[in-house]
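Just so you know, residue 1 is the first one in the sequence shown, and it goes up from there. What you see is a predicted model; the values in this text were computed from it and never measured.
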Amino acid sequence: MTTTTAPRTAAPATHYKATHCLLCGSGDLSLALPLAHSAVGNDYLTTRQPQQRFALSLHLCGGCGNVQIEDVVNPDLLFRQYTYSTTSSLGLVEHFRKYAAEIAGQAGLAAGALVADIGSNDGSLLKAFAERGCRVVGVDPAVEIAARATAEGVPTVPEYFTPDVAARVRDEHGPAKLVTANNVFAHSDQLPAMADGVRLLLDRDGLFTFEVSYLLDIVQKMLFDTVYHEHLCYHSVRSLKAFFARHGLQLVDARRIPTKGGSLRGTVQLAGGPRPVSPEVARLIEWETLTRLHSTETFRAYARRIETAKDQFGALLDRCRATGKVVAGYGASPTVTTLIDQFDLADLLDFLVDDNQVKQHTFSPGHHVPVHPSDAIYEREADVVAVLAWQYAAPITAKHRKFTEAGGRFVVPLPQVQVV
């Protein structure tokens, strides 16, 4: 008697090394900024268990100036069970309301115009457009969040945005007067296909607007902790202008905005579209050239600044621990994961706290530092709180003024070490 079994299928790869530019395809990549290996930055666990670490270092494309991460993690590991929601990010919902008002005027959106959002998450941005009388549709691969958004009145396709998905959306809803992609256009290793999908979905006079972390801000403002495995590319105007041109699109405006510590808002139309190119595009490219943004020496200097900040902050926490003080970290986000790894802080923290209930009673990625609600700084009698979510230091310290009034101290690591 013989038996047969179904052939085994190999488990999907967890990651691959990016050996070619994700924008232009060039193989001319060089190490720009060495960073510590890290577990997936948002992979906070309910129980301690081993987690794979991936390379986080940034590489510079000699062909187009794009800067990108070394290890590209399988997107299903990052996004299919995604837990982050827009409403959990301080001030982002209000930012989207203002954004919708501004872009609606710029795009000339009339009642009934279709707005499509790539990476629409919980539908916060699309709700703002729906309130203005627009038809809306989202595309987001996070299955549960997409289902919840749909149930709340924002129809959301639970898929990655591809040309095929763009064609399906157009067939069902018609061409879009506006396509948006906020804090998501850096998340895909298939950016050429995403751009082709945008071109397919846009109406002839439609606009594509996107917001991404701006490489110039990352370097100038010490935002290296915004480097984590969800973010594959770190964009400049120079690289984006050439990229869109290769895909039948035209970058017509580029603006620096304060979101996420420093972002870039780009506006794109179909090639040959009706809008003139803003002088801001040329101005920012000139500024990138003057600051030598695409030079490896610029990144070597940046690495030295990071190392200095690491030494100063680590020494401060070392002194606190040496005198028996209880040290907590405030923040449980992907940026905090990067900061803990890069500054080697795990052994200097007794616990973490966070205001987001999703992160409470979990363990941090890689090092498994326990995460508690923010009241734990009182209940566990912390002496020092390291504000690892340092961009929100002002509202955090204001919220917990009674901590300092009782003799506690907040310490902030960046952009320079501060003791509150």
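A donor atom on one side chain and an acceptor atom on the other are not found under 3.5 Å apart for T14 and N74. Side-chain atoms of D117 and T180 form a donor-acceptor pair, as typed in the model, at a separation below 3.5 Å. Side-chain contact annotation: S236 with S239, donor-acceptor N/O pair under 3.5 Å present. Using modelled atom types, one finds a donor on one side chain and an acceptor on the other under 3.5 Å when comparing D189 with Y16. Between N42 and K359, the side chains place a donor N or O and an acceptor N or O closer than 3.5 Å (distance only, hydrogens not considered).
Taking the six-membered ring for Trp and the full ring otherwise, F161 and F210 have centroids separated by 6.0 Å or more. A distance of 6.0 Å or more separates the ring centres of F224 and F299. Residues F363 and Y44 place their aromatic rings such that the two centres sit no closer than 6.0 Å.
Considering OG1 of T156 and CG of N121, their distance stands at 9.5 Å, rounded to 0.5 Å. Distance check: L317 CG to L345 CG gives 6.0 Å after rounding to the nearest 0.5 Å. Interatomic distance, CG of L191 versus CG of N66, reported as 8.0 Å (0.5 Å rounding). The CG atom of D28 sits 10.0 Å away from atom SG of C64, with the distance rounded to the nearest 0.5 Å. Atoms OG1 and CD, on T362 and Q357 in that order, are 12.5 Å from each other to the nearest 0.5 Å. Rounding to the nearest 0.5 Å gives a distance of 9.5 Å between CG of D225 and CG of L388.
Between the side chain of S278 and the main chain of V281, no donor-acceptor pair closer than 3.5 Å is present. Q51 places no side-chain N or O within 3.5 Å of a backbone atom of A39 that could act as its donor or acceptor partner. A distance-only check finds a donor-acceptor pair linking the side chain of T289 to the backbone of I285 [under 3.5 Å]. Judged purely by atom type and a 3.5 angstrom limit, Q68 uses its side chain to pair as donor or acceptor with the backbone of L22. Although no hydrogens or angles enter the test, the distance criterion places no donor-acceptor pair under 3.5 Å between the side chain of E211 and the main chain of R265.
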Name the atoms and distances for all side-chain donor-acceptor pairs under 3.5 Å in residues 371-378, with sequence neighbours left out.
{"residue": "S374", "atom": "OG", "partner": "D355", "partner atom": "OD1", "Å": "2.9"}
{"residue": "Y378", "atom": "OH", "partner": "H400", "partner atom": "ND1", "Å": "2.9"}

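Applying the 6.0 Å contact sphere to CZ of R401 captures no more than 12 heavy atoms from other residues, nucleotides or ligands.
Residue pairs that meet the side-chain hydrogen bond (donor to acceptor under 3.5 Å, both in side chains) test with at least one member in residues 302-319, sequence neighbours left out, are E297-R304. Among residue pairs with one or both ends in residues 174-187, those qualifying as salt bridge (Lys or Arg N to Asp or Glu O under 4.0 Å) are K177-D203, K177-D205; sequence neighbours excluded. Pairs of residues two or more places apart, or lying in two chains, that qualify as salt bridge (Lys or Arg N to Asp or Glu O under 4.0 Å) and include a residue from residues 279-295 are E280-R283. Listed by first and then second residue, the salt bridge (Lys or Arg N to Asp or Glu O under 4.0 Å) pairs that reach into residues 381-391 come to none, sequence neighbours excluded. Pairs of residues two or more places apart, or lying in two chains, never qualify as ring-ring contact (aromatic ring centres under 6.0 Å, His included) while including a residue from residues 276-295. Counting only residues at least two apart or on different chains, no salt bridge (Lys or Arg N to Asp or Glu O under 4.0 Å) pair has a member in residues 231-247.
Looking at R321, R380, K325 one by one, the single match for salt bridge (charged side-chain N to carboxylate O under 4.0 Å, His left out) with D350 turns out to be R321. Under the side-chain hydrogen bond (donor to acceptor under 3.5 Å, both in side chains) test applied with E70, the options H15, K17, H37 reduce to a single match, K17.
Using a cut-off of 4.0 Å between Lys/Arg side-chain N and Asp/Glu carboxylate O, R97 and E131 are scored as not salt-bridged.
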Worksheet item: Do D122 and K127 pass the salt bridge (Lys or Arg N to Asp or Glu O under 4.0 Å) test, and can you show the C-alpha distance, the side-chain angles, and the key distance before you say yes or no?
Response: CA-CA 9 Å; D122 59 14; K127 288 175 184 176; 6.0 Å; no

Discussion item. Is there a ring pair (Phe, Tyr, Trp, His ring centres under 6.0 Å) between Y214 and F185? Walk through the geometry before answering.
Written reply: CA-CA 12 Å; Y214 186 28; F185 199 64; over 10 Å; no

Item to complete: Dump the intermediate steps for side chain to side chain donor-acceptor pair (under 3.5 Å) on D140 and S120, then the final yes or no.
Response: CA-CA 6 Å; D140 197 294; S120 51; 4.6 Å; no

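Pairing each heavy atom of L264 with each of A254, the nearest pair is CD1-CB, 4.2 Å. The shortest non-hydrogen separation linking H187 to L232 is O-CD1, 3.7 Å. Shown here for S38 and T337, the closest heavy-atom pair between the two residues is OG-CG2, 3.5 Å. Between S213 and I218, the shortest heavy-atom distance links the atoms CB-CD1, 4.0 Å. Across A18 and I69, no two heavy atoms sit closer than the pair CB-O, 3.9 Å. Residues P413 and V411 share a closest heavy-atom pair of CD-O, 4.0 Å.
Ring geometry for F54 against H229 counts as perpendicular: the plane angle is over 60°, on a 0 to 90° scale with 30° as the lower cut. Under the 30°/60° scheme for interplanar angles, the aromatic rings of Y234 and H231 are found to stand perpendicular.
For A245, there are no side-chain contact (heavy atoms from CB on, under 4.5 Å) partners, not counting sequence neighbours. The side-chain contact (heavy atoms from CB on, under 4.5 Å) check on Q391 picks up L223, T226, with sequence neighbours excluded. Applying the side-chain contact (heavy atoms from CB on, under 4.5 Å) criterion to T296, with sequence neighbours excluded, gives S30, L60, R300. With sequence neighbours left out, the side-chain contact (heavy atoms from CB on, under 4.5 Å) criterion links Q49 to L45, T47. When the salt bridge (Lys or Arg N to Asp or Glu O under 4.0 Å) test is applied to R255, the partners found at least two apart in sequence or on another chain are D253.
Residues V227 and L35 form a side-chain contact, since some pair of their non-hydrogen atoms from C-beta on lies under 4.5 Å apart. Side-chain atoms of R275 and L207, non-hydrogen and from C-beta on, do get closer than 4.5 Å to each other.
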